[in-house]
**Q** 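Could you have a look at this structure, given as structure tokens, before my questions?
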Amino acid sequence: MTLDSGQVFHWEKAGVGFLGAIGERAVYVEQRGDLLETTCDKALAGRYFALDHPLAEICASFPNDAPMNAARDFCCGLRMIRQPKWECLATFVCSSMKQVAHIRQISMKLRERFGAQRQIEDHVVYTFPTAQRIAASSEKELRECALGYRAKNLLATARQVASGDIDLETLAELSDGDLRVRLCKLPGVGAKVANCVMLFAYERLRAFPIDVWIERVLRQRYFPRARKLNAARLRTFTQEYFGSHGGYAQQYLFHHARKTNTKLKRKRAAFVTISGVR
DNA sequence: CTCCAGGGATGAT
DNA sequence: ATCATCCATGGA
């Protein structure tokens with residue numbers, strides 16, 4: 001549930017488990033009931049998958065309404081991963097106006113081209129390239145990874161991180177508001193991407209990214225027929241209504257909507273077929 | 001084939 | 001302060 005929820009984009013199904021990388025290490029993970037089996041250091045996997053999060057307590061803190069209850073039931077076990085900061089930032093700079101399936105492709109191409117190769121059993125996985133490595137590439141090379149107009153932003157952001165102009169680790173000391181402001185100064189980072197990075201890499205469980213899916217959920221399930229519902233209005237509502245674990249609630253709503261896919265897409269015109277027209 | 005996607009930056013009202 | 005456009009690309 002966690003690895004398929006659109007937080008990370010490089011894990012691949014292998015047998016009953018998944019093959020991927022946690023930071024610099026190639027890892028195989030497999031869930032057996034309520035146990036997690038892994039080939040890597042126990043503490044490393046436990047931290048990455050946030051096994052210390054009190055899931056029952058967090059889910060109990062969600063608001064009690066129909067869409068939230070449905071999402072909670074559907075997403076049982078889903079956790080917010082603790083991602084490496086640069087990896088998360090870079091990936092979501094590449095995510096704008098892209099479907100999850102395509103973000104996966106971009107992520108894999110960047111890894112294969114610029115990352116480090118790791119062997120695990122008879123498989124090969126790649127680590128995510130450092131900011132230094134991306135900064136040393138060119139816009140042309142990045143465009144060859146299918147980034148399109150995002151290539152310029154990724155390159156510029158990588159250069160700021162690689163040069164030490166911005167230190168992603170020390171940003172962790174900042175308040176939510178200050179952290180968001182600093183992240184939004186990076187090219188290709190707006191409120192949505194900043195919130196994703198805050199939620200997935202800085203443990204800011206309040207952060208509530210609003211993308212096209214979540215906006216549809218909010219408008220159709222929480223504000224049916226509401227006039228003048230702008231971005232600011234949605235933002236204040238989500239912060240107050242979903243509370244201190246809003247990011248968790250958001251991810252549950254997102255994953256549920258994306259996987260069930262019912263009645264959220266814009267209605268298409270109904271067609272009938274009439275024969276014998278000619 | 002068409003539609004649209006885990007948006008952001010920019011310029012016009 | 002809000003709104004409209006453009007930006008590349010390819011899965012569905």
**Q** Expressed as a whole number of angstroms, how long is the span from W213(A):CH2 to dA12(C):P?
**A**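 Going from CH2 in W213(A) over to P in dA12(C) covers 12 Å.
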**Q** Restricting to salt bridge (charged side-chain N to carboxylate O under 4.0 Å, His left out), what partner residues turn up for K85(A), sequence neighbours left out?
**A**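 Counting only residues at least two positions away or on another chain, K85(A) forms a salt bridge (charged side-chain N to carboxylate O under 4.0 Å, His left out) with E169(A).
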**Q** I need the CZ-C1' distance between F92(A) and dA5(B), as an integer number of Å.
**A**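 After rounding, the gap between these two atoms is 14 Å.
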**Q** Among residues 241-254 of chain A, which ones have heavy-atom contacts with DNA chain B below 4.0 Å?
**A**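 Going residue by residue through residues 241-254 of chain A, the ones with a heavy atom under 4.0 Å of DNA chain B turn out to be Q250(A), Q251(A), F254(A).
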**Q** Quick one: salt bridge (charged side-chain N to carboxylate O under 4.0 Å, His left out) partners of D73(A), sequence neighbours excluded?
**A**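 Partners of D73(A) under the salt bridge (charged side-chain N to carboxylate O under 4.0 Å, His left out) test: none.
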**Q** How long is the line joining CD1 of I103(A) and C1' of dG7(B), in whole Å?
**A**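 From I103(A) CD1 to dG7(B) C1': 11 Å.
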**Q** Base, sugar-phosphate, or nothing for G188(A), non-hydrogen atoms under 4.0 angstrom?
**A**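 If one applies the 4.0 Å heavy-atom cut-off, G188(A) turns out to touch the sugar-phosphate alone, with no base involved.
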**Q** How about F208(A) and Y241(A): are their ring centroids closer than 6.0 Å?
**A**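 Distance test on ring centres: not under 6.0 Å, no.
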**Q** Taking only residues two or more places apart in sequence, or in another chain, which ones meet K185(A) in a salt bridge (charged side-chain N to carboxylate O under 4.0 Å, His left out)?
**A**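 Not a single residue meets the salt bridge (charged side-chain N to carboxylate O under 4.0 Å, His left out) criterion with K185(A).
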**Q** Taking Watson-Crick (N1-N3 plus N6-O4 or O6-N4) and G-U wobble (N1-O2, O6-N3), each under 3.5 Å, can you produce the dot-bracket string of DNA chain C? Use [ ] for crossing pairs and | for inter-strand ones.
**A** |||||||.||||
**Q** For R258(A) and dC4(B), what is the distance between atoms CZ and P respectively, to the nearest whole Å?
**A**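 It works out to 17 Å between those atoms.
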**Q** Can you tell me how far C1' of dA5(B) sits from CD of E215(A), to the nearest Å?
**A**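 E215(A) atom CD is separated from dA5(B) atom C1' by 14 Å.
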**Q** Can you tell me, in whole Å, how much space there is between the P of dA8(C) and that of dG11(B)?
**A**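 16 Å, rounded to whole Å.
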**Q** Is R104(A) near enough to dA5(B) that one of its side-chain N or O atoms lies under 4.0 angstrom from OP1 or OP2?
**A**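 Answer no for this pair, as no side-chain N or O of R104(A) is under 4.0 Å from OP1 or OP2.
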**Q** Scan S5(A) against the nucleic acid and name what it touches under 4.0 Å (heavy atoms): base, sugar-phosphate only, or nothing.
**A**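 Here S5(A) touches the bases of the nucleic acid.
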**Q** Specify the residue among P187(A) and F9(A) whose closest nucleotide of DNA chain B lies further upstream toward the 5′ end.
**A**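 The answer here is F9(A).
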**Q** Holding to salt bridge (charged side-chain N to carboxylate O under 4.0 Å, His left out), I want the full list of residues that pass it with E144(A), two or more places apart in sequence or in another chain.
**A**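 With sequence neighbours excluded, E144(A) shows a salt bridge (charged side-chain N to carboxylate O under 4.0 Å, His left out) to R113(A), K140(A), given in chain and number order.
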**Q** Under 4.0 Å between any heavy atoms, over every strand shown, what does I210(A) touch: base, sugar-phosphate, or nothing? Just pick one.
**A**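 Since no nucleic acid heavy atom lies under 4.0 Å of I210(A), the category is nothing.
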**Q** Provide the full list of salt bridge (Lys or Arg N to Asp or Glu O under 4.0 Å) pairs with a residue in residues 42-65 of chain A, sequence neighbours left out, each pair given once.
**A**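 Residue pairs passing salt bridge (Lys or Arg N to Asp or Glu O under 4.0 Å), neighbours aside: R47(A)-E203(A), D52(A)-R82(A).
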**Q** Using a 4.0 Å heavy-atom cut-off, write out nucleotides 5-11 of chain C from 5' to 3' as B (base contacted by protein), S (sugar-phosphate only) or - (no contact).
**A** --BBBBB
**Q** In terms of relative ring orientation, are Y252(A) and Y248(A) parallel, tilted or perpendicular, with 30° and 60° separating the classes?
**A**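 Plane angle between 30° and 60°, so tilted.
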**Q** Kindly write out the residues that satisfy side chain to side chain contact (heavy atoms under 4.5 Å, CB included) with A136(A), not counting sequence neighbours, or none if the list is empty.
**A**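 Side chain to side chain contact (heavy atoms under 4.5 Å, CB included) list for A136(A), sorted by chain: R133(A).
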**Q** Looking at Q7(A) and R79(A), would you say the former's side chain and the latter's main chain have a donor-acceptor pair under 3.5 Å?
**A**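 Judged by distance alone, yes, a pair lies under 3.5 Å.
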**Q** Under the side chain to side chain contact (heavy atoms under 4.5 Å, CB included) test, which residues partner P187(A), sequence neighbours left out?
**A**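 Residues passing side chain to side chain contact (heavy atoms under 4.5 Å, CB included) with P187(A): N153(A), A156(A), T157(A), Q160(A).
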**Q** Sticking with atom C1', work out how far dG10(C) lies from dA9(B), rounded to a whole angstrom.
**A**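 Rounded to whole Å, the distance is 23 Å.
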**Q** So which pairs with a foot in residues 180-206 of chain A pass ring-ring contact (aromatic ring centres under 6.0 Å, His included), sequence neighbours left out?
**A**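 As it turns out, the ring-ring contact (aromatic ring centres under 6.0 Å, His included) pairs with a partner in residues 180-206 of chain A, which skip direct neighbours, are F92(A)-F200(A).
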**Q** Show every salt bridge (Lys or Arg N to Asp or Glu O under 4.0 Å) that has at least one partner inside residues 14-27 of chain A, sequence neighbours left out.
**A**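 Salt bridge (Lys or Arg N to Asp or Glu O under 4.0 Å) check on residues 14-27 of chain A returns E24(A)-R118(A).
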**Q** Just the rounded figure in Å: distance from C1' of dG8(B) to NZ of K185(A).
**A**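 After rounding, the reported distance stands at 17 Å.
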**Q** Among dA5(B), dG8(B), dT2(C), which nucleotide has an atom closest to any side-chain atom of N230(A)?
**A**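 Closest nucleotide to the N230(A) side chain: dT2(C).
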